[in-house]
**Q** 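One structure, pasted below without further comment.
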Amino acid sequence: MTQNTGKMQQHTVVALVYDKPGVLNRVVSMVRRRAFNIGSLAVGHSETPGLSRMTFVVEGDDSVLEQVTKQLRKLVDVVKVSDLKGVNAVYRELSLVRVSATAATRSEIIQIVDIFRANIVDVGHDSLIIEVTGDEDKLESLVTLLKPFGVLEIMRSGRLAMVRGVSQDSAANGVSDEDVPAPAKEDQAKSTPLLPPG
Amino acid sequence: MKLNGGQMICQALLNEGVDTVFGIPGGAIMPLYQTLPQYPGLRHILVRHEQGASMAADGYGRVTGKVGVCFATSGPGATNLVTGLAGAMMDSVPMIAITGQVAREAIGTDAFQEADVTGVTLPVIKHNFLVMSAEELPRVMKEAFYLARTGRPGPVLVDVPKDVFVEEAEFEYPETVELPGYPPKMEGDPEAIKRAADLIAQAKRPVIFAGHGIIISEAYKELQEFAEKGQFPVTTTLLGIGSFKSDHVLNIGLPGMHGSAYANHMINDSDLLIALGMRFDDRVTSKVSLFAPNAKVIHVDIDPAELGKNVRPTVPIVGDVKHVLQQLIPLVEKADRRDWLSHIDELQRNHPLWFEEDDVLRPQDVIQEISDSTDGRAIIATGVGQHQMWAAQLYKFKEYNSFITSGGLGAMGFETPSAMGAQVGLPDRVVWTIAGDGGFQMTLTELATMVENQIPVKIALINNNSLGMVRQWQDIFYNHDYVATLYSGNPDFVKLAEAYGLLGIKVTRKDEVGPAVKQAMEWNGPVLVDFQVEQTENIYPFIPPGTGVDNIVEDPRLVKKRVR
């Protein structure tokens, strides 16, 4: 009968919420109450009109985070919450990077951009804006390679996450609600994406 | 039918079966108040401070099981409600607060008497709404009542800008609600219930923990049947008092920090805790790692977030405790637990709930006398502190759901307004407030409300001229260093009562207690009895925070006797 496991772990939490004023505040307030820092947050419309999906990344003790997700589920404006820790999911982030570019360095930068399957979306006299999509490792490697040219500005969208279309068993594991297994499994099964892996 | 916003709210209240509202008007909520005369079915009780309104609505909601309703104006009116709302949330009480807000175009401009009330209340209540047009009001009111009274009940606030009260729109009250993000689960999972029945069949020393959930779901009959069939001893948490008859042979009474030593030893010796509609509050468990170390746990609650929050259950069951008990009872075998029950008898003999009975007037004498004189059939409302714990230990409740106390939030000042709300809700019951002199002075303005509305609450002021519980902790943990706990300028409470128009009675000697209680009972109106009790009396037993039952402190006078 112990309370906290004391393990600090990164969790990606996906919540399906009503698209109306104050909902973000309600969700964030619940996370704030346990003094978790939100590492990234992305919100946008879902496939259902009137519902938004938010992905946020928090670092925290496993059992405390489990309590937070349960409390989030209780919010009237929150339809569904999944903690994707330990789940096979696709993680993507979009980043815009403004990098110094002179006539001398431009072609070298373009080569790096091609290798990363990134795009150049703006060309100026002395800089370029590069758009890149991928997981965080990819984004960070690109930035590392661009640093010698002079990185002027970085914007990141925050992590998006979607469970891969695999067997329901492994998808269900991610709900991390061992105390209420029956409804949680059903909950997760409904959201198993039909997209191909990748 | 076209109605304005204020009329819509009144009509919705009537549709939801509301007959009483506690509140205070003010600028932003005036248009709602001015429509009240059109709705004679709504009785408005004008309190003297908004905290009194929310706490009265709380007391009303607890004893009637209906939704308590309070009104307040924008800004300071609404912020004054907050302590009462937070308390109702912690103790799962159905409540609706309607607050005025500044007009729509003034919102966010730091207008006169503006406060971000939905922002302020968001973390401490079940849900809230800011209503930006009158046409939303029928749906919002329907949802607010549905949310307040279903699942785990709680307070819901509806914040209405002043100009929305006067805006007209079509009024059609919805019959159903659509809230897909809010599905209360009533039935327990049959698999989990089977596993629970298996654990029960294997258990040798099971104990039931009965909490507020039994009272909320009115599972009294089911609890008694379940306990009798399985011969389970029942310990009732602070808010579970009145879920099981206190004179029942299986009722072992209050557990936890100030529970009886025998109840705590029983829990410690148990091999299975059957927790029904309770949440393993830290006042129940003390240090969790030392709590019931050999017990498996079946935990039933309608709120999934409670399962595994403090204590990891072996079998968690999400559901309404009444439904779950109905599912579980047929699966439980009739049992003979003579060995376990006689062990508990022995614990009771060795560790009795005891207090010194000599010539000195002590708080316990007062509560015992009120218990006897009312034959255990009064509604008892308390504040927070020593007097609350003595009331919980010593009053012998013979009626269900008759103990009204601020458990989770522990809000001093709860005693007077909550008693008033309970008396309004159940006018035929005798209602006593057991108050401390500290908490009483936080909300005593409601004496005027009682007199004005002829609400005949009997107030037993356990007056030790101090903040007794904190003083006791100073005795134990701070070497009797009484910082800011002893009063030297308390008023003459009898004169105070008389100034408000109550009957005031002063009691300084033990032999005056009986006659004073009798006189109070015979008086046809609100009464205050100032019981000037021994200041140094402490509440025992006591499990110091952060420890377990091995560190239980029993009354030193009892320990001395035992040694002799």
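Heavy atoms only: backbone and side chains are in, while hydrogens, waters and symmetry mates are out. Order of the sequence lines fixes the chain letters, A, B, ..., with proteins taken first and strands second; residue numbering starts at 1 for each chain.
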**Q** Nearest 0.5 Å please: distance from the CG atom of B:Leu122 over to the CG atom of A:Leu75.
**A**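 Atom-to-atom, B:Leu122:CG and A:Leu75:CG are 8.0 Å apart.
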
**Q** Do A:Val76 and B:Glu143 have side-chain heavy atoms sitting under 4.5 Å apart?
**A**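 They are not in contact (no side-chain heavy atoms under 4.5 Å apart), so the answer is no.
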
**Q** Are A:Lys20 and B:Glu136 close enough, and set up right, to give a salt bridge (charged side-chain N to carboxylate O under 4.0 Å, His left out), and what steps lead you there?
**A** CA-CA 14 Å; A:Lys20 55 185 183 188; B:Glu136 295 171 45; over 6 Å; no

**Q** Hey, is CD on B:Glu135 packed in by over 12 heavy atoms from elsewhere, all under 6.0 Å?
**A**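 Counting neighbours around CD of B:Glu135, 12 or fewer heavy atoms of other residues, nucleotides or ligands fall under 6.0 Å, so no.
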
**Q** Is it true that, when you exclude A:Arg106 itself, more than 12 heavy atoms of the residues, nucleotides or ligands shown sit nearer than 6.0 Å to its CZ?
**A**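 Check passes, neighbour count above 12.
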
**Q** For atom NZ of A:Lys138, decide whether the heavy atoms of other residues, nucleotides or ligands shown that lie under 6.0 angstrom number more than 12.
**A**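 Result for NZ/A:Lys138: enclosed.
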
**Q** A quick test of your reading: do over 12 heavy atoms of other residues, nucleotides or ligands sit less than 6.0 Å from CD of A:Glu108?
**A**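 Counting neighbours around CD of A:Glu108, 12 or fewer heavy atoms of other residues, nucleotides or ligands fall under 6.0 Å, so no.
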
**Q** Taking the side chain as everything from C-beta on, heavy atoms only, tell me whether A:Gln71 gets closer than 4.5 Å to B:Asp303.
**A** no

**Q** Look at atom CD of B:Glu191 and say whether more than 12 heavy atoms of other residues, nucleotides or ligands are closer to it than 6.0 Å.
**A** no

**Q** Could you look at B:Leu130 and say if it's the side chain, the backbone, both or neither that has a heavy atom under 4.5 Å from chain A?
**A** neither

**Q** Would you call A:Lys74 and B:Arg152 a side-chain contact if the rule is heavy atoms closer than 4.5 Å?
**A** yes

**Q** Would you mind checking which part of A:Leu16 comes under 4.5 Å of any heavy atom in chain B, side chain (CB onward), backbone (N, CA, C, O), both or neither?
**A** neither

**Q** Contact between A:Lys70 and B:Lys309 at the side-chain level, heavy atoms closer than 4.5 Å - yes or no?
**A** no

**Q** Please report the shortest heavy-atom distance between B:Ala305 and A:Gln67, naming the atom on each side.
**A**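 Minimum heavy-atom contact is O-OE1, 3.2 Å.
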
